[in-house]
Engineer: 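I'd like to ask you about the structure that follows.
Order of the sequence lines fixes the chain letters, A, B, ..., with proteins taken first and strands second; residue numbering starts at 1 for each chain. These numbers were taken from a predicted model, which means no experiment stands behind them.
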Protein chains: 4
Amino acid sequence: MNELDNLIGDLYEYDDELTAKQRKIIIAAIEAFAEKGYASTSTSEIAKNAGVAEGTIFRHYKTKKDLLISIVGPMVQKFIAPFVIRDMEKVLNQDHESIDDFLRAMLKNRIAFVSKNKLLFKILIQEIPFQPELKELFKKHIGMKVIEKATLIIQHYQEKGQLVDLPPATIIRGIASSIFGFIVTRNLLLPELDWDDEVEMERTIQFILHGIKK
Amino acid sequence: MNELDNLIGDLYEYDDELTAKQRKIIIAAIEAFAEKGYASTSTSEIAKNAGVAEGTIFRHYKTKKDLLISIVGPMVQKFIAPFVIRDMEKVLNQDHESIDDFLRAMLKNRIAFVSKNKLLFKILIQEIPFQPELKELFKKHIGMKVIEKATLIIQHYQEKGQLVDLPPATIIRGIASSIFGFIVTRNLLLPELDWDDEVEMERTIQFILHGIKK
Amino acid sequence: MNELDNLIGDLYEYDDELTAKQRKIIIAAIEAFAEKGYASTSTSEIAKNAGVAEGTIFRHYKTKKDLLISIVGPMVQKFIAPFVIRDMEKVLNQDHESIDDFLRAMLKNRIAFVSKNKLLFKILIQEIPFQPELKELFKKHIGMKVIEKATLIIQHYQEKGQLVDLPPATIIRGIASSIFGFIVTRNLLLPELDWDDEVEMERTIQFILHGIKK
Amino acid sequence: MNELDNLIGDLYEYDDELTAKQRKIIIAAIEAFAEKGYASTSTSEIAKNAGVAEGTIFRHYKTKKDLLISIVGPMVQKFIAPFVIRDMEKVLNQDHESIDDFLRAMLKNRIAFVSKNKLLFKILIQEIPFQPELKELFKKHIGMKVIEKATLIIQHYQEKGQLVDLPPATIIRGIASSIFGFIVTRNLLLPELDWDDEVEMERTIQFILHGIKK
DNA sequence: GATGAATGAGAGTTCATTCAT
DNA sequence: TATGAATGAACTCTCATTCAT
C-alpha cells in the first residue's frame with residue numbers, strides 16, 4: 001500500500017524509530033480505523049491484518065487509545081506546524097508580494113499533504129470530537145498560534161489594501177471553510193469522481209479570492 | 001432539555017406517534033450518541049438515562065442500529081426535502097429576483113434548522129461515513145435531486161448575468177463548503193464562542209456572494 | 001391444519017373445554033415445539049402464530065411449562081390408557097384366541113394413533129428426558145400398570161404354549177422396541193418415504209411373531 | 001468422571017489435540033448437554049463447571065453450536081465408521097460363517113461402544129432432530145453407505161438360505177429397531193435396573209434371530 | 001521481544017412473565 | 001377476557017488487556 005508507506009515516512013522522521021512489526025501494526029491500524037472507525041475496530045483485527053500477535057500491539061502501545069494517539073498525534077503536528085512556522089514566516093517576511101501567490105502556495109501545500117494522507121486525515125476529523133486528548137493536541141498546535149498568525153497575515157494584506165474589510169475572524173473562517181470543504185469533497189465525499197486537481201484547485205482559489213479580495 | 005423537545009417535534013409530525021417511553025429513549029440516545037459517538041454508547045447507558053429497562057429499547061427498535069436510523073433518518077429528509085422542494089421551486093418561479101435574496105433565504109433557513117438540531121446534525125455527519133444505510137438515505141434524498149435543482153438555479157442566475165461563469169459544480173461546492181463550514185464552526189467547533197448570529201450569517205453571505213457574483 | 005384439528009379433538013373430550021383462542025394457542029404451540037423443540041420456542045412466537053397477544057397465553061397457562069404439560073399430558077394418558085384398560089382386558093377375557101390376532105390389533109391401534117398425532121408424539125419423546133413432570137406422568141400411567149398387565153398377557157400365552165420361553169421382560173422389551181422402532185422410522189426418521197402402511201405393518205408383526213412365537 | 005475420560009480418548013486420537021482447558025470444557029459441556037439438553041444449557045454454566053472463564057469457551061469454539069458439533073460430530077463417525085468399514089467387510093469376506101456369529105459380534109461391539117459413551121449417545125439422539133448440521137453429518141456417514149452394505153449382507157445370507165425372505169429393508173429395520181430399542185432401554189430408559197448385560201444381550205440376539213432366521 | 005491462551009467485564013439481544021388498561 | 005408495553009434477568013458472544021512461556 002503505497003500511500004501508507006509514504007505516510008509512515010512523513011510521520012516519523014527517522015525510520016529506525018519503528019521496528020518492522022510496529023510499522024505493520026500502524027499501517028493495519030490506520031486502514032482499519034479509517035474504514036470502520038476507531039471504536040468499531042478491534043485490536044485482534046489489527047493484529048491479524050498486521051500479521052502479529054495481539055500481545056505485540058500492547059507491548060508497543062500501552063492501550064488501544066495510545067495507538068490511536070500515536071498515529072494521529074504526529075499528523076496534527078505535521079499538518080499544522082509547517083503552516084504556522086514555515087509558510088507564515090515567509091509571508092510576513094514579504095516572500096509573497098500578493099495574497100494570490102500566498103494563498104495558492106498554501107493551498108497547494110495543504111491539499112497535497114492531505115491527499116497523500118487521506119486515511120489519516122479521515123481518522124483525525126472523525127475522532128477529534130470524541131478524544132479529548134486529540135482536541136487538546138489540536139488546540140495546542142493550532143489553537144491560538146495559527147489563528148494569531150493568520151490574523152496578522154490578514155491584517156498585513158488588509159493594510160496593503162488587498163483584502164476586503166471584514167473582520168479577520170470572518171475571513172479566516174471563510175478561507176478555512178472553503179479549503180476544508182474542498183479537501184473533504186475531494187477526498188472523502190466524492191473521491192471516486194475524476195477530478196482534475198490542478199484546475200479545481202485553481203477554481204477554489206478563485207472562489208476564495210473573489211470572496212476576500214477588495 | 002429544550003432543544004431536544006423541539007427536535008422531537010420537528011422529526012415526528014404527530015406527537016402520538018411516540019409513546020412517552022419512546023420519547024425518553026430517543027432523547028437519551030441522541031444525547032449519548034452526540035456526546036460519545038454511536039459505537040461508544042451502550043444500550044444499557046441509554047436505558048439508564050432514559051429511565052427505562054434495557055429491554056424496552058429493543059421492544060421499540062429491533063437493533064441498536066435501528067435506533068440510530070430512526071433518529072437520523074427523518075433528519076435527512078427534513079433537512080433536505082424543504083431545500084429541494086420548497087425553496088428551489090420558488091426560485092425557479094422567480095420568487096427571488098436577485099440571487100442575494102435567494103441565498104440569504106436559503107442560508108437562514110438551513111442554519112436555523114441546524115442550530116435547532118445541533119446534536120442530531122452532529123450525529124448525522126459523524127455516522128454517515130460508517131453507516132451504509134445512512135449513506136444510502138442521504139444519496140436518495142440529496143444525491144441527484146438537489147444537485148440537479150441547484151445546477152438549474154445557478155444556470156438560471158448565470159443566464160441573468162448575475163453569476164460568475166465558473167462551472168456550476170464548482171459554484172455548488174463553493175457555496176456548500178462555505179455553508180457547511182459556517183455551520184460546523186458555529187455549532188461544533190466553536191459553540192462556546194459568543195456569536196452574533198445575524199451578523200456572522202450576513203458576513204458569510206457576503207463572502208459567498210463575493211465569491212460567486214459577477 | 002387437519003392433523004392438528006383432529007388431535008385437539010382426541011385430546012380434549014369436550015370441545016367446549018377450550019375457547020377458540022386456547023385452541024389456536026395449543027395448535028401453534030404444538031407446531032412450534034415439534035419443529036424447534038420446547039426450549040428453543042419462544043412464547044412470543046407461539047403468540048404470533050396463534051394470532052393472540054402474548055399475555056393471553058399466560059392467562060390460560062400459568063407458565064410456558066404448564067402449556068407443554070397441558071399439551072403432552074393428555075397424550076400420555078390417551079396413548080396408554082386404552083392399551084392398558086381396553087385391549088388388555090379383552091385379551092385376558094379371551095377375546096383374542098391367538099396371540100397373532102391380539103398383537104395385530106394392538107399394533108394397528110397404536111400405529112394409527114401415533115400417525116394421527118405425529119407432532120405430539122415427537123414432542124413427547126423429545127421432552128420426556130428433560131421434564132421430570134412428564135417422566136412422572138409417564139411412569140404413573142405406564143410404569144407398573146402396563147408392564148404388569150403385559151406380563152400377565154405374556155404368561156397367559158406362554159401357558160397356552162404359543163410363546164417362546166424367554167423371560168416376559170425380555171419379550172416385552174422385544175415387542176416394545178420393534179413397535180417403537182417401526183413408529184419412529186415411519187413417522188420421524190423416514191416420513192418422506194412412500195410407505196405402504198398395511199404391508200409394512202404386517203411385516204413388522206411377522207418379524208415380532210417370528211421373534212417370540214414358539 | 002471415568003466415562004468421560006475414556007470418551008475423550010475415544011473421540012480424539014491424539015491427546016495433544018486438546019489443551020487441558022479444552023478437555024475440561026468438553027467434559028463439562030457433555031455432562032450439561034446430556035442432563036439438561038443443549039438448548040437449556042448456558043455457556044456460563046459450562047464455563048463454571050469447567051473451571052474456566054466464559055470467554056475461553058469462545059476462544060476454542062466460535063459459537064455454542066460449534067461446541068456441540070465438535071462434541072457430537074466425531075461420535076457420529078466413530079460410531080458408524082467401524083460398523084461400515086470393518087465389520088461389514090469381514091462378513092462379506094466370509095469371516096463369519098453363520099449369521100448368528102456376525103450378529104452377535106456386531107451387536108456386542110455397538111452396545112459396548114454406546115455403553116461406554118452413554119452421555120454422548122444421549123446428546124446425539126436428542127439433538128439430531130433439531131440440528132441440520134448433525135442430520136447432514138449423520139446422513140453422510142450412515143445414509144446410503146450403511147444401508148447399502150447391510151442390504152448386501154442380508155442378501156448374502158438370504159442366498160445362503162439362512163434368512164427369511166422378507167425385503168432387506170424390512171429386515172434392516174427390524175434388526176436396527178431391536179438394537180436401538182435394547183440400547184435405549186438399557187442406557188436411557190432403565191439405566192438404574194440391575195442388568196446382566198451378557199444374558200440380556202444374548203436374549204436380544206435370540207429375539208432378533210427368531211425374527212429373521214428361516 | 002514476541003506470543004497467544006486466558007480472562008472477565010460488558011456488549012447487544014431475547015425472553016418468560018407481569019400488570020395497567 | 002384479552003391485550004401488549006414493560007420488565008430485568010439471563011443469554012451468547014466480543015473485547016481490550018494481561019502474563020506465563
Engineer: Under the side chain to side chain donor-acceptor pair (under 3.5 Å) rule, what pairs show up with a residue in residues 123-134 of chain D, not counting sequence neighbours?
Structural biologist: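 For residues 123-134 of chain D: D:Lys65-D:Gln131, D:Glu127-D:Gln131.
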
Engineer: My understanding is that only residues two or more places apart in sequence, or in another chain, count here; which of them pass salt bridge (Lys or Arg N to Asp or Glu O under 4.0 Å) with D:Glu136?
Structural biologist: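 In terms of salt bridge (Lys or Arg N to Asp or Glu O under 4.0 Å), with neighbours along the sequence ignored, D:Glu136 is linked to no residue.
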
Engineer: Under 3.5 Å, side chain of D:Ser40 to main-chain N/O of D:Gly37, donor-acceptor pair present?
Structural biologist: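 No; judged by distance alone, with no hydrogens or angles, the pair does not exist.
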
Engineer: Does E:dA16 have OP1 or OP2 sitting under 4.0 Å from an N or O in the side chain of C:Lys65?
Structural biologist: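 False: C:Lys65 side-chain N/O out of range (4.0 Å or more) of E:dA16 OP1/OP2.
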
Engineer: Can you pull the contact range of chain D along DNA chain F, 5' to 3', using atoms under 4.0 angstrom from its heavy atoms?
Structural biologist: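 First-to-last contact on DNA chain F, by the 4.0 Å heavy-atom rule, is F:dC11 to F:dT14.
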
Engineer: Does C:Lys64 qualify as a cation-pi partner of C:Tyr38, given the criterion of NZ or CZ under 6.0 Å from the six-membered ring centre and within 45 degrees of its axis?
Structural biologist: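 Yes, C:Lys64 and C:Tyr38 form such a contact.
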
Engineer: Do the side chains of D:Phe130 and C:Lys36 get nearer than 4.5 Å, heavy atoms only?
Structural biologist: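 No, side chains not in contact.
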
Engineer: Please figure out whether D:Ala20 or C:Arg59 has its closest DNA chain E nucleotide nearer the 5' end.
Structural biologist: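 The residue mapped nearer the 5' terminus is D:Ala20.
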
Engineer: For the CG atom of C:Leu67 and the OH atom of C:Tyr61, what is their distance to the nearest 0.5 Å?
Structural biologist: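 One gets 6.0 Å once the value is rounded to the nearest 0.5 Å.
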
Engineer: Which ones in residues 48-56 of chain B lie close to DNA chain E, meaning a heavy atom under 4.0 Å from one of its atoms?
Structural biologist: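 By residue number: B:Glu54, B:Gly55.
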
Engineer: Can you list every stem that DNA chain E is part of, counting only runs of 3 or more consecutive Watson-Crick or G-U wobble pairs with both distances under 3.5 Å?
Structural biologist: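 Ordered by first number, the stems with DNA chain E (at least 3 consecutive pairs each) read E:2-21 with F:2-21.
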
Engineer: Specify the separation, in whole Å, of atom NZ of B:Lys64 and atom P of E:dA11.
Structural biologist: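 Distance, rounded to whole Å: 9 Å.
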
Engineer: Hey, are the side chains of C:Thr19 and C:Gln22 touching, using non-hydrogen atoms and a 4.5 Å cut-off?
Structural biologist: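 Yes, side chains in contact.
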
Engineer: When you get a sec, tell me which of E:dA16, E:dA11, E:dG12 is the closest nucleotide to the side chain of C:Thr43?
Structural biologist: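 Ranking E:dA16, E:dA11, E:dG12 by closest atom to the C:Thr43 side chain puts E:dA16 first.
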
Engineer: Nearest whole Å is fine: how far is E:dT13 C1' from B:His60 NE2?
Structural biologist: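 B:His60 atom NE2 is separated from E:dT13 atom C1' by 15 Å.
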
Engineer: Counting any heavy atom closer than 4.0 Å, what does B:Ser40 reach on the DNA or RNA strands: base, sugar-phosphate only, or nothing?
Structural biologist: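 Result for B:Ser40 = nothing.
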
Engineer: To the nearest Å, give me how far apart CD (B:Glu45) and C1' (E:dT13) are.
Structural biologist: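 In whole Å, E:dT13 C1' and B:Glu45 CD are 17 Å from each other.
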
Engineer: Please give, in whole Å, the distance from E:dG10 P to B:Ile46 CD1?
Structural biologist: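 To the nearest whole Å, that distance equals 17 Å.
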
Engineer: Would you say the side chain of A:Leu120 lies within less than 4.5 Å of the side chain of A:Leu124, judging by non-hydrogen atoms?
Structural biologist: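 No, every pair of side-chain atoms sits at 4.5 Å or beyond.
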
Engineer: CD1/B:Ile26 to NE2/B:His60 distance, rounded to the nearest 0.5 angstrom?
Structural biologist: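 If we round to the nearest 0.5 Å, B:Ile26:CD1 and B:His60:NE2 are 9.5 Å apart.
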
Engineer: If you assign each of D:Thr41 and B:Ile57 to its closest nucleotide in DNA chain F, which residue comes earlier from the 5' end?
Structural biologist: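 Taking each residue's closest nucleotide, the earlier one in sequence belongs to B:Ile57.
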
Engineer: Indicate yes or no: at least one non-hydrogen side-chain atom of B:Ile123 is less than 4.5 angstrom from one of B:Leu68.
Structural biologist: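 The answer is yes; the side chains approach within 4.5 Å.
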
Engineer: Round to a whole Å and report the spacing from CD1 of B:Ile25 to C1' of E:dG12.
Structural biologist: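 One finds 15 Å between C1' of E:dG12 and CD1 of B:Ile25, rounded.
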
Engineer: Using residues 47-59 of chain A as the side-chain source, report each donor-acceptor pair under 3.5 Å to any protein atom, sequence neighbours left out, with the distance given to one decimal.
Structural biologist:
residue: A:Glu54; atom: OE2; partner: A:Thr43; partner atom: OG1; Å: 3.1
residue: A:Glu54; atom: OE2; partner: A:Ser44; partner atom: N; Å: 3.4
residue: A:Thr56; atom: OG1; partner: A:Ala53; partner atom: O; Å: 3.3

